[in-house]
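First comes the structure, then the notes that go with it.
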There are 2 protein chains.
Amino acid sequence: MIISKKQAFQDFASAKGLKSTKQRDIILDSFLSCHQHLTTEELYLKLKTDNPNIGFATVYRTLKLFAESGIAREIQFGDGQTRYEHMHAGEHHDHLVCTRCGAIVEFENETIEKLQSEVAAQHGFTIKNHKLELYGYCVKCS
Amino acid sequence: MIISKKQAFQDFASAKGLKSTKQRDIILDSFLSCHQHLTTEELYLKLKTDNPNIGFATVYRTLKLFAESGIAREIQFGDGQTRYEHMHAGEHHDHLVCTRCGAIVEFENETIEKLQSEVAAQHGFTIKNHKLELYGYCVKCS
DNA sequence: TCGTATATTGATAATCATTTTCAAAAAGGC
DNA sequence: GCCTTTTTGAAAATGATTATCAATATACGA
Ligand SMILES: [Zn+2]
Ligand SMILES: [Zn+2]
Ligand SMILES: [Zn+2]
Ligand SMILES: [Zn+2]
């Protein structure tokens, strides 16, 4: 899984004429070994421990590249912070977000997806992507 | 419809001990007479024509109040601008967004809403609100 | 290996939307 | 009118993100 992501990014990089750098390798390893839905700042702080020489801007730029390459997805839960999560080819999920403790649960619902397509078709829209987030309290916080 | 919104905001204001000001009256009138999904800046610019004395910050603050009072809803379509739309009591809708021309279409789908509740229940979540946006191209832009 | 053209980095400054600050003005009750 | 509290508007502050740019690193062909 991780190897294929690395490969996928390498393919993207060479197709785009990007040069390979150790900073990007480090950021990629760190990102892939991390829990999901992390902030640029979270990843930067995590990196800084072992690599105090990597700059903030580089982490920003690199995460943008990951998103562009398709191995990551940008998500925003309305708290003003952009988060990144791993993107598994051919898979898709939406989110339940606890607004008290910040817990995030992923779910997939084939019927909802189908209904979305129907709605779009009814209005003549060609959908490229969508965002479905359910905000509330998780079991522990209810 | 407009009158009841005005009334609703007045009720909210007096319950909160807010003083009535002509700036808020003007902003409220302007907001209610406006098309939907408008930016703070859009409303500010519209106001400035007839009321060059109303400040940016006041429009920001007042729109936040409208949202708090329940007569408006804050929405974010991922373009970095917060928008506000009229909130009709007891009604709900989601959005189709054209990423080319910016067209916004509202829709309601009872089945999707119901499925969302089911998903939330399955994961033990108590949902307070949700966000469903379908991004793509509208008929004209396809 | 060396040279060169090109891409990348990191520190810093810039940007952009939004929020805060604060003194002056306005509102509401007495 | 007087006094207290809220509101306003201009400007400064904030916070996340992006751009700038000189220095550095990479890729590749000679
Ligand atoms: Zn929780
Ligand atoms: Zn996720
Ligand atoms: Zn369109
Ligand atoms: Zn709407």
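Please read these numbers as outputs of a predicted model, since none were measured by experiment. Here is the naming used below: chain letters follow the sequence lines, and residue numbers restart at 1 for every chain.
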TODO: Pick base, sugar-phosphate or nothing for Q81(A), based on heavy-atom distances below 4.0 Å to the nucleic acid.
DONE: sugar-phosphate
TODO: Ignoring backbone atoms, test whether K64(B) places a side-chain nitrogen or oxygen under 4.0 Å from the OP1 or OP2 oxygen of dT18(C).
DONE: no
Task: Any Y60(A) side-chain N or O less than 4.0 Å from OP1/OP2 of dT18(D) - done: no
Open item on the list: Applying a 4.0 Å non-hydrogen cut-off, can you work out what R24(B) is touching in the nucleic acid: base, sugar-phosphate, or nothing?
Closed with: sugar-phosphate
Task: NZ/NE/NH1/NH2 to OD/OE distance under 4.0 Å, K131(B) and E133(A) - done: no
Open item on the list: With a 4.0 Å limit, can you tell me whether T40(A) has a side-chain N or O closer than that to the phosphate oxygens OP1/OP2 of dA16(D)?
Closed with: no
Open item on the list: Is there a side chain to side chain contact (heavy atoms under 4.5 Å, CB included) between E68(B) and E74(B)? Walk through the geometry before answering.
Closed with: CA-CA 10 Å; E68(B) 199 187 335; E74(B) 256 182 27; over 6 Å; no
TODO: Ignoring backbone atoms, establish whether Q23(B) has a side-chain N or O less than 4.0 Å from OP1 or OP2 of dG9(D).
DONE: yes
- [ ] Determine whether H86(B) and Q36(B) make a side-chain contact, defined as any pair of heavy atoms from C-beta on separated by less than 4.5 Å.
- [x] yes
TODO: Show your reasoning for whether ring pair (Phe, Tyr, Trp, His ring centres under 6.0 Å) applies to F107(A) and H93(A).
DONE: CA-CA 5 Å; F107(A) 71 90; H93(A) 65 260; 8.7 Å; no
TODO: Nearest-nucleotide wise, let me know which of T82(B) and I54(A) is further upstream toward the 5' end of DNA chain C.
DONE: I54(A)
Task: Residues touching DNA chain D, which here means a heavy atom under 4.0 Å, drawn from residues 11-21 of chain B - done: L18(B), K19(B), T21(B)
- [ ] Would you indicate whether the side-chain heavy atoms of N109(A) and L132(A) approach each other to under 4.5 Å?
- [x] no
